[in-house]
Amino acid sequence: MHLTQQELTNLSPYQRAWMRFKNNRRGYYSLWLFSAIFIISLGAELISNDKPLIILYEQHYYYPLWNDYPETTFGGDFVSTTDYNDPYIRDKITGEDNWALYPLNNYRYDSINYFAELPNPARPSEQNFLGTDDRGRDVLARLIYGFRLSVLFALALTAIGVVIGIVVGSVQGYFVGKVDLITQRFIEIWSSMPELYLLIIFASIFKPSIGLLIVLLSLFGWIGLSDYVRAEFLRGRNLDYVQAARSLGVSNIGIMFKHLLPNSMIPVLTFLPFRISGAILALTSLDYLGLGVPPSTPSLGELLSQGKENIDAWWLSMTTFSVLVGTLVLLIFIGEALREAFDTRRG
C-alpha cells in the first residue's frame with residue numbers, strides 16, 4: 001500500500017512505526033508465526049491428550065475430557081479410571097456402531113506408554129511420533145505442553161518486570177534529587193546480590209513451583225528496564241509540554257503517566273521480545289539444573305537434562321533444542337523489527 005505525502009504526515013508516530021514494522025518481512029512473519037504457534041499451544045489438551053474428545057458408545061455420548069468414566073462403562077472389567085490407550089478399550093469404543101474422536105497425538109504430558117514395544121527411552125515410532133523419554137512419557141506431548149508453559153511463564157514474568165520497572169524508573173526520572181539518588185543506590189546494592197545463590201537457597205527451603213519462580217525472578221527482572229525509563233523521564237521532564245502541564249495545575253501523577261509515559265514507551269516496547277526470550281531461557285536453564293518446576297511438570301529444560309543423561313536418545317535433545325532455538329530466533333527477529341520500526345531516522 002502506497003500512501004501520499006499528505007497521508008503520511010497525518011499518521012501518528014505509532015502508525016508510522018507499525019508501517020515500518022510491516023515492511024520488515026522477517027520480523028512481521030515471525031510475529032504471525034510465533035503468535036499462531038502459541039495460540040495453538042493454548043489448546044494443547046485438544047491436540048495432545050490420552051483421552052478422546054468425544055465417544056459414542058452404545059448410542060450414548062461421553063466426554064472424557066470433562067468427565068472421568070470407569071472402565072466398566074465401556075465393557076471393561078475394572079471400576080478404575082479408563083485407560084483409553086489400552087488396546088482392549090480402544091477396540092470396544094471403536095468397534096461396531098461405536099466411534100471415538102481422538103486428538104492428533106494420543107498422549108498427555110504425563111501419560112506413560114505402557115504398551116510400547118521398545119524399552120524407554122524409545123525412539124520415534126507410529127505410537128510416539130517423537131519417541132518417549134526415560135520414563136515412557138511422550139516427547140511430543142511434553143514439548144507442546146512445555147512450550148506453552150514456557151511462554152506463559154515468560155509473559156507473566158515480563159509483565160511484572162515491566163510494571164515494576166516503569167513505576168521505579170518514572171519516579172526516579174521525574175522527581176530526581178534525593179529520590180533518584182537513594183533509589184539508584186538501592187538498585188546498585190540490590191543488583192549486586194547473587195541471584196543464582198538465592199534461587200538455590202529458596203529452592204531448598206520451599207517446594208518448587210511456577211509461582212515461586214515468578215516471585216523470585218521478578219525481584220530482579222525489573223532493574224534493567226527501569227534504567228531506560230528513568231533516562232526517558234530525565235530527558236522529557238523539562239520539555240515545554242511538561243512545563244505547560246505544570247502551569248495548568250496538572251498533578252505529578254497526571255504528568256508522569258498521561259504525558260511523559262506515552263512518550264517514553266519506545267524502549268519498553270522494543271525490549272519486550274528480548275525480555276520474553278530471556279525469561280524462557282531462564283526457566284529452561286533453571287529446569288536443566290533442577291532448580292525450576294517440579295519434575296512432573298512439562299519442561300524444556302527437563303527434557304534437555306534427560307538428553308544429557310541419555311546421549312544415545314538423540315530425539316530427546318535434538319527435538320527440544322530445535323523447539324527452544326526456533327522460539328528464541330522468532331523472538332529475536334520480532335525484537336529487531338521493533339527496534340527498526342521505532343527508529344525515527346528511518347523513513
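Bear in mind the structure is a predicted one, so any value in this text is a computation, not a measurement.
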(Q) Can you give me the closest heavy-atom contact between P70 and V79, atom names plus distance? (A) CB-O, 3.4 Å
Q.
Can you give me the closest heavy-atom contact between I144 and S41, atom names plus distance?
A. O-CB, 4.3 Å
Q) Which heavy atom in Y69 sits nearest to a heavy atom in T82, and how many Å separate them? A) O-OG1, 2.7 Å
Q | Closest contact, heavy atoms only, L46 versus P103 | A | O-CB, 3.6 Å
Q.
Does N49 form a side-chain hydrogen bond (donor to acceptor under 3.5 Å, both in side chains) with Y107? I'd like the steps, not just the answer.
A. CA-CA 5 Å; N49 209 312; Y107 299 94; over 6 Å; no
Q.
Would R16 and F21 count as a cation-pi pair here, with the cationic atom under 6.0 angstrom from the ring centre and within 45° of the axis?
A. no
Q) Between R148 and E45, is there a salt bridge with N-O shorter than 4.0 Å? A) yes
Q: Decide if atom CZ of R123 counts as having more than 12 heavy atoms of other residues, nucleotides or ligands within a radius under 6.0 Å.
A: no
**Q.** Crowding at OH, Y241 (>12 non-hydrogen neighbours, <6.0 Å)
**A.** yes
Q. Considering all heavy atoms of both residues, which atom of I334 and which atom of G27 are nearest to each other, and what is their separation?
A. CG1-O, 3.9 Å
Q.
Can you see whether Q306 engages E302 through a side-chain donor-acceptor pair at a distance of less than 3.5 angstrom?
A. yes
Q) Any donor and acceptor pair, going by atom type alone, linking the side chain of R185 with main-chain N or O of D180 inside 3.5 Å? A) no
Q | T132 backbone acceptor or donor facing N128 side chain under 3.5 Å | A | no
Q | Note, S191 side chain near I223 side chain (heavy atom, < 4.5 Å) | A | yes
Q) Quick one: do D110 and R135 make a salt bridge, cutoff under 4.0 Å? A) no
Q.
Taking the side chain as everything from C-beta on, heavy atoms only, tell me whether L152 gets closer than 4.5 Å to L42.
A. yes
Q. Do you know which two heavy atoms are closest between H259 and N263, and how far apart they sit?
A. O-ND2, 2.9 Å
Q. For the residue pair F74 and Y62, is the inter-centroid distance of their aromatic rings smaller than 6.0 Å?
A. yes
Q) Between F186 and W222, what is the ring plane arrangement, given parallel below 30°, perpendicular above 60°, and tilted in between? A) parallel
Q: Answer yes when R26 and E336 have at least one side-chain N-carboxylate O distance shorter than 4.0 Å, and no when they do not.
A: yes
Q) Can E232 and R237 be counted as an ion pair, charged N to O under 4.0 angstrom? A) no
Q. More than 12 non-hydrogen atoms from neighbouring residues, nucleotides or ligands closer than 6.0 Å to CZ on F34, yes or no?
A. yes
Q) Under 6.0 Å from the CD atom of E117, do we count more than 12 heavy atoms belonging to anything else shown? A) no
Q: Indicate whether the side chain of D138 and that of N105 have a donor and an acceptor atom separated by less than 3.5 Å.
A: yes
Q) Would you say the ring centroid of W32 lies under 6.0 angstrom from that of Y29? A) no
(Q) Less than 6.0 angstrom separating the ring centers of Y174 and F233, yes or no? (A) no
